[in-house]
Amino acid sequence: MPGGLPGDRPDTPDLLDRHGRTARDLRVSLTDRCNLRCHYCMPPEGLPWLDRAEVLTDAEVVRLVRLAVRDLGVREVRFTGGEPLLRKGLEEIVAATTRLRTTTGEPVRTSLTTNGIGLDRRAAGLAEAGLTRVNVSLDTLRPDRFAAITRRDRLTDVLAGLQAAAATGLAPVKVNAVLLRGTNDDEAGDLLRWALEAGYRLRFIEQMPLDPHGSWQRDQMVTADEILAALHREFRLVARPGTARGAAPAETWDVVDADGTHRGDVGIIGSVTRPFCGDCDRTRLTADGQVRTCLFSTTETDLRQALRSGADDAALADAWRTAMWGKLPGHDIDDPAFLHPTRPMSAIGG
Ligand code: SAM
């Protein structure tokens with residue numbers, strides 16, 4: 001293996017860290033821009049966007065994804081943002097990714113995290129490009145609340161996007177919802193009923209300290225326990241047997257009728273109160289080509305600068321390996337000394 005790697009690192013190509021984890025799941029942000037302004041994610045005026053020249057080109061994204069899959073042991077690639085559907089070359093990037101084979105010879109699993117706006121027009125093309133599935137973010141089913149949370153009146157577009165994804169076979173279609181105290185925290189049951197009827201798999205995500213103003217407060221967050229208690233009041237939930245969630249962030253419950261009929265499932269991602277850092281298998285690439293080992297990292301490794309200065313694949317791979325070797329054991333959100341990352345969620349890639 002070429003030099004430049006930390007001396008205490010085992011001689012292996014995979015993305016190991018010092019705490020026994022191996023990254024297999026790559027999150028790629030394709031843009032920092034978004035067409036919604038969810039108030040827990042972005043200010044009304046938007047953010048100081050990256051210059052076009054700072055954003056990786058399609059060819060640069062594909063080169064780094066190829067490197068991750070071919071040389072670094074990545075097996076799953078999720079495209080996100082900002083809003084990834086705003087990226088013109090998305091279908092081409094997905095198609096280039098799905099042509100790759102993992103180091104174990106299997107097809108790469110690909111997915112998209114999106115707000116769903118415009119997905120009705122793009123779902124078929126994405127499926128044709130080989131996309132495996134989508135996660136659509138939707139926090140409320142009420143148009144007035146949707147407009148208040150996202151500062152845009154686009155609920156109908158999101159619902160159309162969801163239907164198109166399901167009709168096109170981008171399955172399972174997952175829905176991600178964040179409950180916000182005093183805004184939509186009474187909607188857990190309604191969201192689950194709707195998702196079960198439509199055949200979507202609902203995942204609640206605890207709100208994390210990733211807002212642009214640093215105004216997140218632990219005691220204001222709707223916790224996994226509260227969500228679960230609200231769901232238990234309306235549904236019969238059975239924890240998945242032996243539910244070691246592994247690297248999957250969601251804890252999952254089966255929803256069953258009184259006669260035992262299985263109606264679907266629901267997940268809760270308790271990133272704050274039930275952190276899964278010990279099993280984390282993620283690595284992240286921002287739209288401007290920075291490797292982050294965690295959503296909450298305070299440091300980044302600049303692959304864009306390296307690749308634009310002529311670094312070859314071996315050097316880029318070693319820079320990525322070195323970054324991952326330094327991954328911290330956990331995000332420490334609950335530690336009083338916790339530092340908010342300087343980038344908000346939309347600029348990291350959620
Ligand atoms: N625009 C795409 C979307 O809406 O899914 C992808 C990016 S968005 C940042 C990804 C997810 O992050 C969304 O489900 C959003 O609700 C979630 N999110 C944003 N800020 C968050 C926060 N502070 N805590 C928890 N989830 C957050």
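For this chain, numbers begin at 1 and follow the sequence in order. Note that the structure is predicted; figures quoted are calculated from it, not measured. Order of listing sets the numbers, starting from 1, for every ligand and every atom in it.
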Enquirer: Taking N or O atoms only and a 3.5 Å limit, does Thr80 qualify as a polar contact for ligand 1?
Expert: no
Enquirer: Can you sort out which atoms of ligand 1 are near Ser137, meaning under 4.0 Å from one of its heavy atoms?
Expert: 3 (C), 4 (O), 5 (O), 13 (C), 14 (O)
Enquirer: When you measure from atom 1 (N) of ligand 1 to each heavy atom in Gly82, Ser271, Ala177, Cys38, which option holds the nearest one?
Expert: Gly82
Enquirer: Scan for side chain to side chain donor-acceptor pair (under 3.5 Å) pairs involving residues 192-202, sequence neighbours excluded, and state none if there are none.
Expert: Asp190-Arg193, Arg193-Glu234, Arg201-Asp265
Enquirer: Under 4.0 Å from a heavy atom of Met208: which atoms of ligand 1 are those, numbered in the order shown and with their elements?
Expert: 22 (C), 23 (N), 24 (N), 25 (C)
Enquirer: State, without any angle test, whether Thr12 and Asp14 hold a side-chain donor-acceptor pair at a distance under 3.5 Å.
Expert: no
Enquirer: Holding to side chain to side chain donor-acceptor pair (under 3.5 Å), I want the full list of residues that pass it with Arg21, two or more places apart in sequence or in another chain.
Expert: Asp17
Enquirer: Side chain, backbone, both or neither: which part of Val136 comes within less than 4.0 Å of ligand 1 when only heavy atoms are counted?
Expert: neither
Enquirer: Please answer: with hydrophobic residues joined when any side-chain heavy atoms are less than 4.5 Å apart, are Leu50 and Leu36 in the same cluster?
Expert: no
Enquirer: Can a donor-acceptor pair be found, under 3.5 Å and without considering hydrogens, that links the side chain of Arg151 to the backbone of Arg37?
Expert: yes
Enquirer: Any nitrogen or oxygen of Cys34, side chain or backbone, less than 3.5 Å from one on ligand 1?
Expert: no
Enquirer: Below 3.5 angstrom, do we get any N/O pair linking Gln207 and ligand 1?
Expert: no
Enquirer: Output yes when the distance from some N or O of ligand 1 to some N or O of Tyr40 is under 3.5 Å, and no in every other case.
Expert: yes
Enquirer: Salt-bridged, Asp186 to Arg145, with N to O below 4.0 Å?
Expert: yes
Enquirer: With distance as the sole criterion, is a donor-acceptor pair present between the side chains of Glu206 and Thr273 under 3.5 Å?
Expert: yes
Enquirer: Quick check on atom 8 (S) of ligand 1 - does any protein heavy atom sit closer than 4.0 Å to it?
Expert: no
Enquirer: Considering heavy atoms of the protein only, find what lies nearest to atom 12 (O) of ligand 1 and give residue, atom and distance to 0.1 Å.
Expert: Met345 CE, 3.3 Å
Enquirer: Can you name the atoms of ligand 1, numbered from 1 with element, that are less than 4.0 Å from a heavy atom of Gly81?
Expert: 7 (C)
Enquirer: Under 4.0 Å from any heavy atom of Asn115, which atoms of ligand 1 are there?
Expert: 2 (C), 3 (C), 4 (O), 5 (O)
Enquirer: Ligand 1 versus Val178, non-hydrogen atoms closer than 4.0 Å: side chain, backbone, both, neither?
Expert: side chain
Enquirer: Give, for atom CG of Asp25 and atom CZ of Arg75, the distance between the pair rounded to the nearest 0.5 Å.
Expert: 11.5 Å
Enquirer: Taking Arg33 for the side chain and Trp49 for the main chain, is one N or O donor matched with an acceptor at less than 3.5 Å?
Expert: no
